Number of protein chains: 2
Amino acid sequence: MALSRDESIVALGRASATDSAVDTVVRQIRELIAEAGLKVGDSLPTERELCAQFNASRNTVREAMRILKAYGLVDVRPKIGATITDNRMSRAFELFSFNTMEVSRKTFQDVQAFRDLLEVGSVEQIFDRLKDRDLDDLHRINGQLAENHDLQEASEIDFAFHVRLVSILDNAAILDVYKVMKPIILRIMQKGKTRRTFKTETFSEHEDVLAALSARDRLGFQYRLRTHLMTGFRNFNDEMEATA
Amino acid sequence: MALSRDESIVALGRASATDSAVDTVVRQIRELIAEAGLKVGDSLPTERELCAQFNASRNTVREAMRILKAYGLVDVRPKIGATITDNRMSRAFELFSFNTMEVSRKTFQDVQAFRDLLEVGSVEQIFDRLKDRDLDDLHRINGQLAENHDLQEASEIDFAFHVRLVSILDNAAILDVYKVMKPIILRIMQKGKTRRTFKTETFSEHEDVLAALSARDRLGFQYRLRTHLMTGFRNFNDEMEATA
DNA sequence: CTTAGGAATCTTGGTCCAACAAATAGGCGG
DNA sequence: CCGCCTATTTGTTGGACCAAGATTCCTAAG
């Protein structure tokens, strides 16, 4: 299988032999931001100044700015110029809003396996760090699930429950990754479910997980959480086949 | 403070009164993909054909393509043209590799804990999927570690070894995350080590892990891999304190 | 006659330039 | 204080050239 070209070079900001002029300018602008210590809200030089500074044509600079805009790092407005922003998280979510291309089934499977690894696999660390406050929050969030919500709201609460669970790990890297996968996870949660499903099945599955958590029952926690995750994904798979 | 303009219009593909020409072309290309039912691997028309089709200048089309490239939806190669891809997941994770700013000690700890979870925690799935070919590759990669390399090369090989290990899971999402963490992992690997350390200690620790893997010894695998990871991080911590 | 090799040509993305349009910040005058 | 004007800046266009991969076509060997 032929791998697609590694475009992440741009993202990682390292110089490369295969750098195009646009890639170079992207890197130079990022270096400029870093060296000048520019923060969110600060302004970048005008396009023409960047042209002169980096010895590139205006089109090249503009294409570089398009990339930075797409990554949610700058916000360009006519006459105002470019200012530093940080919309990376919302950009990450938007990536999957493209109705253009359906997210592949393999992607869903991978994400679900990832969730299993993160949530079920981290049982030792979760129990090590578990505080009463965590249990209170989780109960409170799950309580909202029993109220009346539409499908979108219910899945958001379901997601919030799992985020809160993962947050027990107190690991920013893991939490960020989990949040980035949110759009995919939401779709997994919604497929094959009704408002009623969330209020009854999902709610009680969560309660079972919390009971095991409260009782410091590691095996029970793992079993119930894994079962819960598999149940959701089974619904998802049924729906995928039905619509296929 | 003024809110930044809502660029997500582009992502959601709805026409808007404030659409720029580039936004319009992005939407048109997306509609083209949807209507023509183009799948991953299919080719898009050439830039010049898109110009004629959408009645836009070439620069405008190019800026639109830059956006689609940044979103990981198309892959453009000179003389070949643009082909449909779907690297949205890895793009989403890459968004957060823009953290060139100084990495805090907490970040290193989090990443190391993440690695432990990914590599040690996935033992069941690894053993389920393990093929002879995986072991061959791992031995070959580790063999390179025994050769003479400078610190940078050695850490790259060390990283390649762990990537190959994780790749056994056949999970693109996990692999993407692991690759995004590469810069940080490399720094963890390099701290407190010498060229000699890689050739001797790291090499033999890897060999121990592979021996357990070959013997299908799950507990031994977990123990040795975890020990290996902790050893590396202990070096890292010592160095951090020494330089602090 | 067939065909493999290579040379000439065509195509295509990458870059640059110049010009104009549109929008607005900031100054000027009332 | 308010409204108009202008200079500046981004947005867009069309055209040009380049480098290199793809294609075509010719040639020469078999």
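Computed from heavy atoms alone, side chains included, the values below leave out hydrogens, waters and symmetry copies. Bear in mind the structure is a predicted one, so any value in this text is a computation, not a measurement. In what follows, every chain begins at residue 1, and chains take the letters A, B, ... in the order their sequences are listed.
Residues satisfying the side-chain hydrogen bond (donor to acceptor under 3.5 Å, both in side chains) criterion with A:K79, sequence neighbours excluded, are absent altogether. For B:H228, the side-chain hydrogen bond (donor to acceptor under 3.5 Å, both in side chains) criterion is met by B:H162, B:E205, B:H206, not counting sequence neighbours.
Computed from coordinates, the B:I67 CD1 to D:dG11 P distance equals 11 Å when rounded to whole Å. Atom CZ in A:R66 sits about 18 Å away from atom C1' in C:dT15, given to the nearest Å. Rounded to whole angstrom, the span from the CG atom of B:N55 across to the P atom of D:dT13 amounts to 8 Å. Atom CG in A:L50 sits about 12 Å away from atom P in D:dT9, given to the nearest Å. Look at CZ on B:R62: it is 14 Å from P on C:dT12, rounded to the nearest Å. Atom CE of A:M65 and atom P of D:dT9 are 13 Å apart (whole Å). As rounded to whole Å, 13 Å separates atom C1' of C:dG13 from atom CG of B:D75. If you take CZ of B:R77 and C1' of C:dT11, they are 16 Å apart, rounded to a whole angstrom.
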For every nucleotide of nucleotides 17-28 of chain C, 5' to 3': is a protein heavy atom under 4.0 Å from its base (B), only from its sugar-phosphate (S), or from neither (-)? B-B----BS---

Show your reasoning for whether side chain to side chain donor-acceptor pair (under 3.5 Å) applies to A:Q190 and A:R187. CA-CA 5 Å; A:Q190 289 169 7; A:R187 288 165 77 162; over 6 Å; no

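Side-chain rings of A:Y178 and A:F159 approach one another, their centers coming within less than 6.0 Å.
Salt bridge annotation for A:D158-A:K193: present, with a cationic side-chain nitrogen under 4.0 angstrom from a carboxylate oxygen.
Residues B:D23 and B:S20 bring a donor and an acceptor atom of their side chains to less than 3.5 Å of each other.
Contact between the side-chain N/O atoms of A:T60 and the OP1/OP2 oxygens of C:dC16 is found at a separation under 4.0 Å.
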